[in-house]
Structure formats: C-alpha cells, structure tokens
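Beneath this line is the structure, given in structure tokens, with notes to follow.
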Amino acid sequence: MTPEALTLIMDLVAEAIRVEPIVAAELQKILTKPDATPADWMAAKAQVMQASYKSLVPHSQLP
Amino acid sequence: MTTTMLTLKINIKRWFVLMTALALAIVPLAVIIGSGCANNTPQTVAYKSYTGSTVAVQTTLGFWDTYLVGAYARAAGNATNVAKIKDQEHKVKDLYEKWQASMALVADAGAVWSAATHGTNSDLSTSALSAFNQAVNNGAASYIDLQNAVGTFSNKPVQ
C-alpha cells in the first residue's frame with residue numbers, strides 16, 4: 001500500500017469518527033483485541049446472526 | 001424539492017460515502033495495525049477485519065433505514081412508488097441475509113483455522129486456512145453486492 005493510499009484511508013477514518021463518534025468506540029474495541037480464539041469467532045458469528053434485517057431497519061415496511 | 005429535502009439528500013449521500021469509505025478502510029487498516037504488532041496472529045488480524053466489516057454493514061443498514069424514512073414519506077399515497085420501494089427493500093433484505101449466511105461460514109472456518117493453528121498438525125492448519133480463504137472470498141462478494149445495492153437505490157430514489 002502506498003503512503004498516499006494510507007494517508008487517504010487515515011483521513012477517511014478520521015472524518016468518519018468526527019461525524020459519528022460511535023464509530024470511534026467500535027473501532028477501538030476491534031483494533032485493541034489482543035488475540036482471537038475459536039470462542040471469539042463463535043461470539044462474532046452470534047453477533048452477526050442476531051442482528052436481523054428488521055432490527056437494523058426499524059422503519060422497514062416489509063411484513 | 002424543498003430545502004429540507006435537499007439537505008437530507010446531501011446528508012444521506014455524504015453519510016453513504018463516508019460509510020463506504022470506512023468499510024473499505026477497515027480491512028487494510030486492521031491488516032496494517034495487525035502486521036505492525038508482534039502480538040497479533042494472522043487469525044487475530046482476520047478476526048479484526050471480520051468484526052470491522054460487520055460494523056460497516058450494520059452501519060450501512062442504519063443509513064438504509066434513514067433513506068427509507070424519506071423514501072416512504074415521499075411515496076405516501078402513490079401505491080406504485082411504495083411498491084417499488086418495497087421491491088428495493090426485498091432485494092436489500094435478501095442480500096443482507098446472504099451476507100449473514102456467508103459470514104456465518106467465515107466465522108465457522110475462522111474458528112477451525114484458529115483451533116488448527118494451535119495444534120501440531122500443519123496439514124490440518126493449511127487445509128483450514130484454505131477453507132477460510134474460500135469462505136472469505138464468498139463473504140467479500142456478498143458484502144460488495146449489499147453495499148452496491150444500497151448505494152444504487154439510495155442514489156437514485158424512487159420518484
């Protein structure tokens with residue numbers, strides 16, 4: 001990855017964090033994880049599977 | 001178009017651009033940070049990319065929800081347009097559920113890979129990594145399809 005691309009990515013992330021502070025908290029949790037075990041993978045899978053379309057899109061008009 | 005609607009449209013577009021950029025940035029960022037830290041195993045770097053893309057997709061659906069509020073409000077009283085928006089919703093929902101299913105396979109493969117690398121059988125570790133890479137490729141395709149659909153629909157709202 002070129003230094004220019006790295007700078008661009010850092011700028012984009014900084015802008016996203018400035019606009020939406022919750023992004024900073026989520027990134028902090030993700031990037032400070034010390035090690036990944038099979039249990040971590042299963043917990044991540046559960047988090048994905050629990051988030052239904054309807055829970056993420058509460059204004060959906062689908063039945 | 002009223003000033004309020006124009007402002008909302010600009011904000012939604014800006015939000016989408018930011019979230020797409022963030023989603024694209026998370027994976028290389030995790031790899032960069034992971035590769036620069038001796039305590040991070042390849043499994044941990046992959047795990048960070050996985051959870052990062054999960055946050056990005058869930059944030060994108062939050063954006064999609066905001067878009068739908070405006071879209072349904074504009075289409076109120078026009079059954080044809082409401083039906084068109086519902087059709088878009090069906091497509092996004094289907095793509096999200098495909099992404100969920102593919103990410104479940106990535107996590108399963110990641111768990112096997114992580115367990116295999118802590119064992120002593122290097123053949124098992126190699127085959128687990130291969131299965132993991134295949135699952136990641138499928139997951140990445142689902143991810144791109146979902147992001148593209150949300151971007152396409154929201155940038156050309158039903159009129």
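Hydrogens, waters and symmetry mates play no part in the numbers below; they use all other heavy atoms, side chains included. Just so it is clear: chains get the letters A, B, ... in the order the sequence lines come, proteins before strands, and each one is counted from 1.
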Problem - Member of Tyr67(B), Tyr96(B), Trp64(B) meeting the side chain to side chain contact (heavy atoms under 4.5 Å, CB included) criterion with Val57(A) - result: Trp64(B)
Practice task
Check the pair Gln100(B) / Tyr53(A) against side-chain hydrogen bond (donor to acceptor under 3.5 Å, both in side chains), numbers first and verdict last.
Solution key: CA-CA 10 Å; Gln100(B) 271 187 311; Tyr53(A) 176 83; over 6 Å; no
Exercise for the section: Sort Met49(A) into side chain, backbone, both or neither according to what part of it lies under 4.5 angstrom from a heavy atom of chain B. Expected result: both
Handout entry: Within one Ile-Leu-Val-Met-Phe-Trp-Tyr cluster: Leu129(B) and Tyr50(B), side-chain cutoff 4.5 Å
Key = yes
Problem - Intermediate values then yes/no, side-chain contact (heavy atoms from CB on, under 4.5 Å), Tyr72(B) and Gln61(A) - result: CA-CA 9 Å; Tyr72(B) 280 123; Gln61(A) 290 195 12; 3.4 Å; yes
Fill in the blank from the handout: Heavy atoms of Ser114(B) and Pro38(A) approach each other most closely as OG-CD, 3.4 Å
Handout entry: Proximal component of Leu68(B), with respect to chain A [non-hydrogen, under 4.5 Å]
Key = side chain
Practice task
Test side-chain contact (heavy atoms from CB on, under 4.5 Å) on Met103(B) and Lys45(A) and set out the steps.
Solution key: CA-CA 7 Å; Met103(B) 291 300 271; Lys45(A) 177 183 173 183; over 6 Å; no
Handout entry: Any donor-acceptor pair under 3.5 Å from Gln58(B) side chain to Ala51(A) backbone
Key = no
Practice task
List the atom of Ala44(A), the atom of Tyr47(B), and the distance in Å for their closest heavy-atom pair.
Solution key: CB-CE1, 3.9 Å
Practice task
Spell out, yes or no, whether Trp41(A) and Val112(B) are grouped together once hydrophobic residues are joined by side-chain heavy atoms under 4.5 Å, including indirect joins.
Solution key: no
Exercise for the section: State yes or no: do Val69(B) and Leu56(A) share one hydrophobic cluster built from I, L, V, M, F, W and Y residues joined by side-chain heavy-atom distances below 4.5 Å, directly or via other members? Expected result: no
What donor-acceptor contacts under 3.5 angstrom involve side-chain atoms of residues 76-85 of chain B, with partners at least two apart or in another chain?
unit_1   : atom_1 : unit_2    : atom_2 : d
Asn78(B) : OD1    : Thr80(B)  : N      : 3.2
Asn78(B) : OD1    : Asn81(B)  : N      : 3.1
Asn81(B) : ND2    : Gln159(B) : O      : 2.9

Exercise for the section: Check whether any side-chain heavy atom of Thr66(B) lies under 4.5 Å from a side-chain heavy atom of His59(A), and answer yes or no. Expected result: no
Practice task
First locate atom CD of Gln47(A), then atom OG1 of Thr51(B), and finally report the distance between them rounded to the nearest 0.5 Å.
Solution key: 8.0 Å
Problem - Donor-acceptor pair between Glu89(B) and Ser60(A) side chains, under 3.5 angstrom - result: yes
Practice task
Would you mind checking which part of Trp113(B) comes under 4.5 Å of any heavy atom in chain A, side chain (CB onward), backbone (N, CA, C, O), both or neither?
Solution key: neither
Practice task
Using the side-chain contact (heavy atoms from CB on, under 4.5 Å) rule, take Val48(A) and Trp99(B) through it: C-alpha gap first, then chi angles, then the decisive distance, then the call.
Solution key: CA-CA 9 Å; Val48(A) 168; Trp99(B) 173 82; 3.9 Å; yes
Fill in the blank from the handout: Interatomic distance, NE2@His90(B) vs CG@Leu62(A), rounded to 0.5 Å, equals 4.5 Å
